[in-house]
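What you see below is based on every heavy atom in this structure, not just the backbone, and it leaves out hydrogens, waters and symmetry mates. Residues: numbered from 1 along the sequence shown. Both counts, for ligands and for their atoms, begin at 1 and track the order of listing.
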Amino acid sequence: MIQSSMSALRPLRTLLFGEHYSLTRFCSGFVSRMRYINRLKENDAACLSALQNGHIFLFHRLIPLLQCSDPETFRPIALTYSEVQSVLHKCGSDGSLLKESILIGCSEQNHAQFCLDVGELDPAAIAQNCKGTFMDLRKAFFLLEGAEAPLVAKAQALLQWHQINRFCGATGQLTQRNQAGSQRACSSSSIVYYPKMSPVVIVLVSDGKRCLLGRQSSFPRGLYSALAGFCDMGETLEEALRREVAEEVGLEVQNIIYSSSQHWPFPHSSFMLACHATVSPAHSQLNVDHLELEDARWFTEEEITCALQTGAACRAS
Ligand SMILES: NC(=O)C1=CN([C@@H]2O[C@H](COP(=O)(O)OP(=O)(O)OC[C@H]3O[C@@H](n4cnc5c(N)ncnc54)[C@H](OP(=O)(O)O)[C@@H]3O)[C@@H](O)[C@H]2O)C=CC1
Ligand SMILES: [Mg+2]
């Protein structure tokens with residue numbers, strides 16, 4: 001039936017697209033990659049085979065292995081299956097650890113990408129064999145180029161999620177992961193667990209002339225940031241944002257406009273939703289909750305520009 005309807009469509013296809021019509025011509029590289037990744041999540045054998053032909057990024061106890069090409073530029077090291085096998089052998093492991101690799105993506109060159117935590121092995125020996133260095137993600141996040149920081153952050157977040165979700169919350173039994181590492185399942189309760197992110201709002205509040213920034217006592221000296229907070233269960237983005245600003249600085253905001261989003265790996269996996277919002281100048285008096293924030297202040301555009309220029313000058317020197 002399908003066959004005959006496909007044949008019936010052929011003249012139309014030829015008219016529209018010419019003799020060399022093929023379905024794949026209309027699948028962009030992006031679509032093919034997304035479908036490929038999805039297939040690897042669903043098919044353990046396909047995923048294992050992709051691992052043998054893919055690229056693997058190593059971590060040691062959640063710290064990524066990076067290569068430093070010059071003092072300012074770091075890149076994650078993409079190793080092949082046989083390269084990792086050889087490094088593991090040199091470090092006294094039989095290589096079975098490789099099966100614990102977790103799928104994190106697919107490069108534009110169509111190589112499936114995986115990450116692997118070699119936490120039981122000697123990090124110095126691994127780093128030396130790979131000509132790399134293990135660097136804390138909080139530092140690495142700001143030194144990695146473009147798309148590489150989110151990839152490394154995603155890898156670390158997935159590795160961490162697997163490490164803390166080894167047991168079923170209902171039965172206490174060990175959970176089993178699929179080959180891609182996109183889920184864990186408990187055979188006793190049949191519960192399937194998926195990697196989780198906590199939704200977080202971050203908001204730049206303005207009174208029309210100034211913007212509001214705050215700092216926690218744990219922030220590095222001199223660092224101020226837009227206000228942020230975790231969404232509570234059942235809240236909308238707008239409700240969470242209004243509550244957080246009210247809690248932290250005692251203001252009521254309006255005119256909430258969504259701006260953008262990003263995955264944020266610290267302290268665990270958050271999904272940050274960034275917005276703009278306003279308060280009227282007549283209601284901009286701050287009442288800071290010092291249990292949550294060490295300080296919060298209104299900053300003028302000139303102050304922000306000056307601080308950014310000073311920061312850029314400090315980084316350049
Ligand atoms: N300006 C900022 O604060 C910035 C924050 N971020 C990120 O935004 C997120 C929120 O930061 P923050 O301002 O500290 O959040 P909050 O203002 O919500 O305060 C943190 C407190 O919220 C409680 N909490 C509620 N839900 C969670 C959860 N799912 N995970 C952890 N704690 C929770 C905890 O309190 P208790 O332990 O008392 O229950 C925690 O100490 C973090 O991922 C942070 O890294 C990023 C950039 C800037
Ligand atoms: Mg906060």
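- Which parts of ligand 1 touch S270 is read off a 4.0 Å heavy-atom cut-off, strictly below it: atoms 43 (O).
- Side-chain rings of Y224 and F299 approach one another, their centers coming within less than 6.0 Å.
- Using a 4.0 Å threshold on non-hydrogen atoms, atom 37 (O) of ligand 1 does not count as touching the protein.
- Checked by distance only, ligand 1 and A226 come closer than 3.5 Å through their nitrogen or oxygen atoms.
- Among protein heavy atoms, the minimum distance from atom 5 (C) of ligand 1 is reached at A228 CB, 3.6 Å.
- There is no protein heavy atom less than 4.0 angstrom from atom 40 (C) of ligand 1.
- For atom 17 (O) of ligand 1, the closest non-hydrogen atom on the protein side is E248 OE2, 2.8 Å.
- Nearest protein neighbour of atom 48 (C) of ligand 1, counting heavy atoms only, is S225 OG, 3.2 Å.
- No more than 12 heavy atoms of other residues, nucleotides or ligands sit less than 6.0 Å from atom CZ of R75.
- Proximity of E247 to ligand 1, defined as any heavy-atom pair under 4.0 Å, is not found for any part of the residue.
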Just do the side-chain contact (heavy atoms from CB on, under 4.5 Å) check on I37 and L103 with the steps written out, would you?
CA-CA 8 Å; I37 292 171; L103 179 68; 4.0 Å; yes
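- A donor and an acceptor atom, one from each side chain of H89 and S86, are nowhere located under 3.5 Å apart.
- The Mg ion (ligand 2) has an N, O or S atom of A228 inside 2.8 Å of it.
- Of the protein's heavy atoms, Q216 NE2, 3.1 Å lies nearest to atom 14 (O) of ligand 1.
- Side chain of H60 to main chain of F134: no donor-acceptor pair is present (N/O by atom type, distance under 3.5 Å, no hydrogens or angles).
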Starting from the C-alpha separation in whole Å, work towards a yes-or-no answer on salt bridge (Lys or Arg N to Asp or Glu O under 4.0 Å) for E252 and R242.
CA-CA 7 Å; E252 277 192 49; R242 286 204 173 91; over 6 Å; no
Give the intermediate values and the outcome of side-chain contact (heavy atoms from CB on, under 4.5 Å) for residues L213 and W298.
CA-CA 7 Å; L213 303 178; W298 289 104; over 6 Å; no
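- The nearest protein atom to atom 10 (C) of ligand 1, hydrogens excluded, is given as F230 CE1, 3.6 Å; this is a heavy-atom distance.
- A distance below 6.0 Å separates the ring centres of W264 and F141.
- Classification of K209 and D207 as a salt-bridged pair fails, no side-chain N sitting under 4.0 Å from a carboxylate O.
- The atoms of ligand 1 that sit less than 4.0 Å from any heavy atom of S198 are 29 (N).
- Side-chain N/O atoms of T305 and E302 include no donor and acceptor closer than 3.5 Å.
- Under 4.0 Å from ligand 1, the heavy atoms of F219 that appear belong solely to its side chain.
- A donor atom on one side chain and an acceptor atom on the other are not found under 3.5 Å apart for S198 and H268.
- In terms of protein heavy atoms, atom 47 (C) of ligand 1 is closest to I202 CD1, 4.0 Å.
- If you check which protein heavy atom lies closest to atom 43 (O) of ligand 1, you get F266 O, 2.7 Å.
- Under a 4.0 angstrom heavy-atom cut-off, C231 registers as lying outside contact with ligand 1.
- Interface atoms of ligand 1 facing E292, defined by a heavy-atom separation under 4.0 Å, are 17 (O).
- A donor-acceptor contact shorter than 3.5 Å is absent between the side chain of N255 and the backbone of A277.
- The protein heavy atom nearest to atom 16 (P) of ligand 1 is G229 CA, 3.6 Å.
- The Mg ion (ligand 2) has E248 among its coordinating residues (N/O/S atom, backbone or side chain, under 2.8 Å).
- Within the 4.0 angstrom cut-off, atom 28 (C) of ligand 1 has one or more protein heavy-atom neighbours.
- Residue I102 forms a side chain to side chain contact (heavy atoms under 4.5 Å, CB included) with just one option from H162, Q179, K154, and that option is H162.
- Residue contact check for ligand 1: R215 places no non-hydrogen atom closer than 4.0 Å to it.
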